[in-house]
Amino acid sequence: MIEKGHFAEMEQILGTINSDEENTKRQTFVFSATLTMTHDLPEYIAKKKKKLIRPKEMTKEQRTDTFVSLFNMRNPKVFDITNQTGVAEKLIESRILCSLDEKDYYLYYILINFPGRTIVFCNSIDCVKRTVSVLNHLNISTIPLHGHMEQKQRLKNVERFQKKEDAIMMATNCAARGLDIPNIQHVIHYQVPTTGEDYVHRSGRTARASKEGLSILIIETNEVKNFVKLQRTLGRSKH
């Protein structure tokens, strides 16, 4: 949320707070699920020369220093309680390797055979729109959520998703953070996330408050290299 260019309001708030030199007794608490996680930048971001971005292999210490500078902290203390898997202990993780043409079949099969409140994540808005259309054609009611929707419509769709126990939401990463919707049972990654952070945040929508949850990666052949990078970021074997 605090990376440059993501939330202009956050930058304005930080600027106002940091400019108050008289407020020396302020305490600042920052909570992050992925602060200590390092990964390669996605290629499409790395190619944007004009955009201020962090180094490709920023260490945990460097990322912490960035937070300290942004929030103008004095005498900071860092408490790292990250578990080794990077995700909740009661999260069941699974993956399916298939061809591109088989992705819709597997998605349909999972949604039919594993009913429950489910979020299906895509990497792009076009993918969300296409997959919603396919599922609706198959008589599976799906609620879209992406950044090009008006805020009023987004809030309305989130409310619809909360009210129905077996609701299905098709979303981009805008649904990966900031939503606290109880009893999400399944998270399906229709496309392999580009970073380990995205995977952790997406999967974090389920298995909350000590409850069990299921996270499924649907991987087509051309995404295997992204999956290998993902495993490396999470400190796991690629196999």
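Heads up: numbering here begins at 1 and tracks the sequence.
The side-chain hydrogen bond (donor to acceptor under 3.5 Å, both in side chains) check on N123 picks up R202, with sequence neighbours excluded. For T206, the side-chain hydrogen bond (donor to acceptor under 3.5 Å, both in side chains) test picks out no residue, with sequence neighbours left out.
Residues M149 and V128 fall into different hydrophobic clusters, defined by Ile, Leu, Val, Met, Phe, Trp and Tyr side chains chained together at heavy-atom separations under 4.5 Å. Both L107 and I112 are assigned to one and the same hydrophobic cluster, defined by single-linkage of ILVMFWY side chains at heavy-atom distances under 4.5 Å.
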Intermediate values then yes/no, side chain to side chain contact (heavy atoms under 4.5 Å, CB included), L234 and V200: CA-CA 9 Å; L234 296 172; V200 170; 3.9 Å; yes
Chi angles and distances behind the side chain to side chain contact (heavy atoms under 4.5 Å, CB included) call for D104, Y190: CA-CA 9 Å; D104 291 337; Y190 183 79; 2.6 Å; yes
Pair F121-I188, side chain to side chain contact (heavy atoms under 4.5 Å, CB included): steps then yes or no: CA-CA 6 Å; F121 281 103; I188 302 172; over 6 Å; no
Audit row: L217, Y199, side chain to side chain contact (heavy atoms under 4.5 Å, CB included) steps and yes/no: CA-CA 10 Å; L217 275 164; Y199 178 78; 4.0 Å; yes
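Rounded to the nearest 0.5 angstrom, I219 CD1 and F227 CZ are separated by 4.5 Å. A distance of 11.5 Å separates CE of M73 from CG of D65, quoted to the nearest 0.5 Å. Going from atom CG of L135 over to atom CD1 of I140 covers 5.0 Å, rounded to the nearest 0.5 Å. Between the CZ atom of R154 and the CD1 atom of I143 there is a distance of 15.5 Å, given to the nearest 0.5 Å. Atom OG1 of T221 sits about 8.5 Å away from atom CD of E102, to the nearest 0.5 Å. K129 contributes atom NZ, which lies 12.5 Å from atom OG1 of T131 (distance to the nearest 0.5 angstrom).
For the pair T195/T233, no side-chain contact is recorded, criterion being any heavy-atom separation below 4.5 Å from C-beta on. D198 places a side-chain heavy atom less than 4.5 Å from the side chain of R177. Contact of the K211 side chain with the N183 side chain is registered, since non-hydrogen atoms from C-beta on lie closer than 4.5 Å. No side-chain heavy atom of N18 sits less than 4.5 Å from a side-chain heavy atom of T16. With a 4.5 Å cut-off on side-chain heavy atoms, I110 and V120 do not count as touching. Side-chain contact between E220 and S99: absent, with no pair of heavy atoms (C-beta onward) separated by less than 4.5 Å. Counting heavy atoms from C-beta outward, R117 and R205 have side chains that stay 4.5 Å or more apart. For the pair I92 and S215, the minimum side-chain heavy-atom distance is 4.5 Å or more.
Counting all heavy atoms, side chain and backbone alike, M169 lies closest to T142 at C-CG2, 4.4 Å. Here the shortest heavy-atom pairing between S141 and I168 reads O-CB, 4.0 Å. Annotation for N157 and P144: closest pair ND2-O, 2.8 Å, computed over non-hydrogen atoms. Nearest approach of A207 to A88, heavy atoms of both residues: O-CB, 3.5 Å. Across every non-hydrogen atom of I119 and A171, the tightest pair is CG2-CB, 4.4 Å. In terms of heavy-atom proximity, S203 sits nearest to L91 at CB-CD2, 3.8 Å.
The pair E223-K103 meets the salt-bridge criterion, since a charged nitrogen lies less than 4.0 angstrom from a carboxylate oxygen. Ionic pairing of K163 and E159 is present here: one or more N-O contacts between side-chain nitrogen and carboxylate oxygen are shorter than 4.0 angstrom.
Of the residues listed (I184, D180, I181), the one engaging R208 in a side chain to side chain contact (heavy atoms under 4.5 Å, CB included) is D180, and it is the only one.
Counting non-hydrogen atoms of other residues, nucleotides and ligands closer than 6.0 Å to CD of Q151 gives a total above 12.
H146 and H148 have perpendicular rings, their planes meeting at more than 60° on a 0 to 90° scale where under 30° would count as parallel. Between F114 and Y109, the ring planes are perpendicular. Angles over 60° get that label, and only those under 30° would be called parallel.
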